[in-house]
Amino acid sequence: MSAAAVERIAHDYLEVRGLVVDFDGFHAVDGVDLTVTKGDLRFLIGPNGAGKTTIIDAITGLTKATGSAVFGVELLGMATHRIVRAGVGRTFQTASVIEDLTVLQNLDIAAGMRRRRLTLLRARKSTPPEVTAALETIGLAEHADKRAGTLAHGQKQWLEIGMLLVQDARLLLLDEPVAGMSAEERQQTGELLQHIAQTRTIVVVEHDMEFLRSFADSVTVLHQGKVIAEGSVAEVQADPKVIEVYLGPSETFAPAAERPPKERPKVTGPSRPVATAPEKFRPPRKITPPTGGADA
Amino acid sequence: MKLVWQSKWTLWAGLAVAVIAVVLAPLLLNDFRLALLAKYLCYAMVAVGIGLAWGQGGMLTLGQGLFFGLGGYIMAMHMKLADAKGGVPDFMSLYGTGEVPIWWEPFRSPGVTLVAIVAVPALAALILGWAVFTRGVRGAYFAILSQALVYAFALLLVNQQQTTGGTNGLNGFKGFFGLALSDPANKRMLYFIAAGVLVAMVIATRALMRSRFGELLIAVRDQENRVRFLGYDPAWTKVFAYVIAAVFAGIGGALFVPIVGIISPANVGVTPSILFLAGVVIGGRTTLLGPVLGTIGLRFVETQLSETYPAFWTYFQGALFILVICFLPQGMASIGTWLKWLRRRREVTA
């Protein structure tokens with residue numbers, strides 16, 4: 001990486017101030033402040049309807065919002081494709097790769113937004129280096145020529161993350177990236193995100209407490225459109241407001257601070273020693289049978 | 001879906017077959033049949049464009065008659081003026097003021113005419129596409145809009161009888177860029193021009209489908225909103241494909257005029273616009289050659305059947321449409337895939 005690129009990335013941070021999303025008088029997001037810096041794998045959690053996805057929608061121009069969201073430039077009010085060109089990328093709860101194209105074609109299109117318009121009229125002669133690199137990173141190199149529609153659910157999510165890498169998104173907003181994944185796929189995804197977070201700014205919306213505990217550097221807790229707590233996993237877990245929102249006042253949160261964020265033991269499989277309480281917080285979600293390469 | 005246009009080898013094989021077919025046709029067909037075939041080739045040009053815009057880009061272009069008509073009328077105006085040898089076209093003295101309107105004048109020049117045949121439909125599609133696609137109009141709304149536009153266009157032509165020939169349209173041409181249309185040799189040459197232009201369009205479309213633009217177009221068709229998150233404005237991808245389709249339709253219309261000898265609102269209105277689509281549906285809209293073969297085949301059967309059973313043709317066409325949509329939604333081009341699937345299923349059950 002060139003010195004200029006290092007410099008550029010070192011100064012990347014997302015700064016959201018007073019963000020309000022108004023749905024006909026109902027404030028789905030109600031004055032949210034959020035600062036996320038590079039190298040900080042930030043998780044956004046909260047009960048259903050807390051406004052997590054709406055914040056991402058607002059930052060990426062899908063939903064109208066007031067306030068400010070700055071990532072190098074003010075993002076609110078920009079057209080979605082321009083926000084993307086400013087270095088912001090996102091994924092969706094349901095993997096939305098282009099199913100009729102191959103894995104390689106999906107990545108190649110994602111790499112193409114900075115190409116000059118006229119070069120679009122030419123056929124692809126060779127695989128661009130950033131595409132090859134992303135194929136390796138997301139572990140889909142051997143599936144490059146498969147139609148994206150035939151990939152397993154987890155692989156589609158990885159492809160989406162790969163697309164963000166080749167489009168060189170410096171701010172990645174990931175909406176439930178591990179929903180429907182097997183335990184092993186979750187582990188791989190978490191490690192992948194940690195790896196990416198070293199050079200990019202990442203915000204993950206997640207319901208899965210186990211996943212959060214294993215991989216989050218810091219957590220922002222939302223409730224009814226407002227930020228109610230922010231800090232390390234341990235701090236947030238000890239916060240009485242968070243405990244109240246999640247459990248009601250009488251119960252206690254899962255064992256806190258067992259594992260400081262920077263010393264994560266490498267655990268694999270579903271049987272790692274984590275508290276069982278989080279099961280309660282997981283809302284119902286689409287069950288997709290975990291299939292495909294990652295399990296094999 | 002990919003079979004027809006994947007490798008270089010199939011390109012050369014396909015080209016060889018096309019050239020042989022084009023050369024053989026004049027030997028096998030009489031002049032009347034050859035002129036009919038040339039007419040089908042003009043329709044096929046429109047179909048190639050629809051295949052690109054609709055099959056690859058997902059834009060249900062129900063109004064290609066507009067661009068076909070623009071190209072056709074521009075060519076017809078030039079031929080009328082050329083026939084009049086600097087004077088006033090015959091119908092204008094009959095119905096109008098006996099003067100050539102100002103907006104006809106530029107088309108006295110063959111050069112301006114040739115440029116306009118490409119530029120006017122392209123510009124119309126550019127403006128229309130920009131207005132429609134940047135506002136996110138798509139699907140059925142786009143189809144209805146394009147249909148309404150072509151209806152308005154035909155109505156305008158009918159109402160301006162003094163300058164457009166009204167319902168009669170423009171006809172009775174004598175020459176085509178200095179060549180007498182009564183000469184069968186010139187008619188044969190028109191056929192070769194049409195065939196050559198069509199082959200060139202198919203090759204150009206093939207290149208587009210294989211390019212990165214082609215991949216992007218499919219992405220826009222299937223996941224328009226997702227493409228925004230890849231940093232592209234999908235509207236311009238669609239506009240480009242729409243403009244290409246319009247240019248192909250315009251050229252088809254322009255060649256239609258000397259070949260058939262008439263252009264009238266009946267050739268460009270709502271019904272012909274839907275019929276342009278019919279061949280594409282039946283042939284297979286997502287394939288390269290499906291629209292071409294579907295259109296030529298359908299028009300051929302149309303002529304055969306309507307000669308023998310004039311009342312029966314419409315029913316047959318309707319039935320064919322229903323059959324294809326029910327059982328072969330990807331058109332005749334998918335018949336191979338369908339048979340393969342059938343065979344595999346038999347093997348599984350056996």
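Quick caveat, the model's predicted, so the values are computed rather than measured. Order of the sequence lines fixes the chain letters, A, B, ..., with proteins taken first and strands second; residue numbering starts at 1 for each chain. Quick note: numbers below take in every heavy atom, side chains included, and nothing from hydrogens, waters or symmetry partners.
- Counting heavy-atom pairs closer than 4.5 Å to chain B, the top-ranked of the candidates A/Val166, A/Thr91, A/Leu101 is A/Leu101.
- Atom-to-atom distance recorded for B/Leu216:CG and A/Leu120:CG is 6.0 Å, nearest 0.5 angstrom.
- Two residues are said to be in side-chain contact when any heavy atoms from C-beta on lie closer than 4.5 Å; A/Asp108 and B/Arg212 meet this criterion.
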(request) Go through B/Asp233 and A/Arg82 one step at a time and tell me if the salt bridge (Lys or Arg N to Asp or Glu O under 4.0 Å) criterion holds. (result) CA-CA 8 Å; B/Asp233 186 351; A/Arg82 295 195 191 282; 6.0 Å; no

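- Within 6.0 Å of OH on B/Tyr141 lie no more than 12 heavy atoms contributed by other residues, nucleotides or ligands.
- With a 4.5 angstrom heavy-atom cutoff, A/Leu121 touches chain B via backbone and side-chain atoms both.
- Within the 4.5 angstrom heavy-atom criterion, only backbone atoms of A/Val97 (N, CA, C, O) approach chain B.
- When each of A/Gly112, A/Gly89, A/Ala86, A/Ala79 is scored by its heavy-atom pairs under 4.5 Å with chain B, the top score falls to A/Gly112.
- Under the side-chain contact (heavy atoms from CB on, under 4.5 Å) test applied with B/Glu215, the options A/Asp100, A/Leu104, A/Ile109 reduce to a single match, A/Ile109.
- No side-chain heavy atom of A/Arg122 sits less than 4.5 Å from a side-chain heavy atom of B/Ser211.
- With a threshold of 4.5 angstrom between heavy atoms, A/Leu62 approaches chain B through side-chain atoms but not through N, CA, C or O.
- The distance from atom OH of B/Tyr232 to atom CZ of A/Arg85, rounded to the nearest 0.5 Å, is 8.0 Å.
- Note that CZ of B/Phe229 and CG of A/Leu164 are 11.0 Å apart. Values are rounded to the nearest 0.5 Å.
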(request) Evaluate side chain to side chain contact (heavy atoms under 4.5 Å, CB included) for A/Met163 paired with B/Leu230, printing each intermediate quantity in order. (result) CA-CA 8 Å; A/Met163 287 160 82; B/Leu230 300 176; 3.7 Å; yes

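- B/Arg210 contributes no side-chain N or O that, together with a main-chain N or O of A/Ala123, makes up a donor-acceptor pair within less than 3.5 Å.
- A cation-pi arrangement, defined by a distance under 6.0 Å to the six-membered ring centre and an angle within 45 degrees of its axis, is absent between B/Arg226 and A/Phe92.
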